Amino acid sequence: MVDTPSHKEPDRNPYPPVTGIDRDRHIGMVREIFTTIPARYDFLNRLLSLRRDVAWRRFAVRRMRFFDTFRLLDVATGTADLAIEAARRHPEIQVTGIDFIREMLTPGRQKVKDRGLAGRIRLLQADALALPFPDGSFDAVGIAFGIRNIPDRMAALREMRRVLIPGGSVYILEMNAPPGMFRRGVFAPYLNRVLPGIARLFSQNPAAYRYLVDSILHFPPPEAFLKMMAEAGFSEMERHSLTLGITSLYIGRHLQD
Ligand SMILES: C[S@@+](CC[C@H](N)C(=O)[O-])C[C@H]1O[C@@H](n2cnc3c(N)ncnc32)[C@H](O)[C@@H]1O
């Protein structure tokens with residue numbers, strides 16, 4: 001499971017802090033990072049989150065409601081974990097997953113096939129900012145750990161709302177730095193020291209995990225993100241705080257215009 005030494009460059013960080021770069025550079029970094037990490041993406045997700053990522057997706061999927069189109073869109077689906085969990089939990093639905101990185105979709109397609117879900121889940125290469133679907137196509141839109149990687153969050157939120165049927169809801173899972181003692185005492189040291197060490201051992205691109213830490217620490221606090229959702233046109237917002245607040249599930253409903 002250990003990389004060849006030629007990949008190990010722990011002291012050179014090709015990914016500057018997200019606060020100091022423009023949108024195009026940020027998107028370029030995201031594209032490069034998710035092209036280079038798919039091979040061990042699932043393994044590292046489970047290890048670094050102590051399998052909490054599985055529980056967080058499950059929590060989101062349990063809250064999804066289907067009432068008309070019986071279709072779910074999973075935006076930034078990556079290796080399709082949310083799509084697969086939703087298809088298992090809701091046997092009546094069809095799921096479409098989109099991601100703009102082909103290399104992330106490849107293991108996702110294999111997982112869908114291995115689980116016998118190819119007839120119910122389709123995965124497409126597409127950009128969250130230009131979803132290739134007509135208005136009002138889905139009862140539910142989900143995005144797990146994707147929104148912080150999209151610099152123009154408002155445009156992404158509006159696009160997700162556009163493809164929802166009136167009455168449908170968006171389900172957004174995202175990590176954020178919890179406030180106070182837990183952040184200073186446990187979360188920040190874990191993110192800044194333990195996580196990069198594990199990534200150096202197992203990832204082909206350990207610097208990518210520094211970007212992931214940076215993007216979590218700079219994601220807006222929950223109140224600010226809920227405000228952004230309201231500005232994007234969502235109503236009846238809910239926030240569920242998971243695992244001591246390190247992850248949140250945000251739900252917002254698209255009511256009739
Ligand atoms: C941290 S991964 C999350 C993957 C998956 N949803 C999960 O739960 O593990 C973030 C994903 O967002 C995708 N992504 C980032 N920006 C995107 C965009 N503008 N359009 C589509 N996918 C995007 C990346 O390619 C990557 O697969």
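Sequence positions, counted from 1, serve as the residue numbers for this chain. Every number for a ligand or one of its atoms is a count from 1 in the order of the listing. No experiment lies behind these values; they were computed from the predicted model shown.
If you look at Asp81 next to ligand 1, there are no close heavy atoms at all, none under 4.0 Å. Here Thr77 has backbone heavy atoms under 4.0 Å from ligand 1, and that is the only part of it that gets that close.
For ligand 1, the polar-atom distance check against Ile101 finds no nitrogen or oxygen pair separated by under 3.5 Å. By the 3.5 Å distance cut-off applied to N or O atoms, Ile98 is not counted among the residues near ligand 1. Residue Asp99 has at least one N or O atom closer than 3.5 Å to an N or O atom of ligand 1. Between Asp127 and ligand 1, a contact under 3.5 Å exists for at least one N or O pair. The N/O atoms of Arg148, backbone and side chain alike, include none that comes under 3.5 Å of an N/O atom in ligand 1.
For atom 9 (O) of ligand 1, the nearest non-hydrogen atom from the set Phe34, Phe145, Trp56, Tyr41 comes from Tyr41.
Taking every heavy atom of both residues into account, Ala83 and Asp74 meet most closely at N-OD2, 3.3 Å. Listed here is the closest heavy atom pair of Pro134 and Ser137: O-OG, 2.6 Å.
With sequence neighbours left out, Asp42 forms a side-chain hydrogen bond (donor to acceptor under 3.5 Å, both in side chains) with Thr79, Lys111. Partners of Thr69 according to the side-chain contact (heavy atoms from CB on, under 4.5 Å) rule, which considers only residues two or more places apart in sequence or in another chain, are Arg71, Asp139, Ile165.
Taking the ring centroids of Tyr211 and His26, they lie under the 6.0 Å cut-off.
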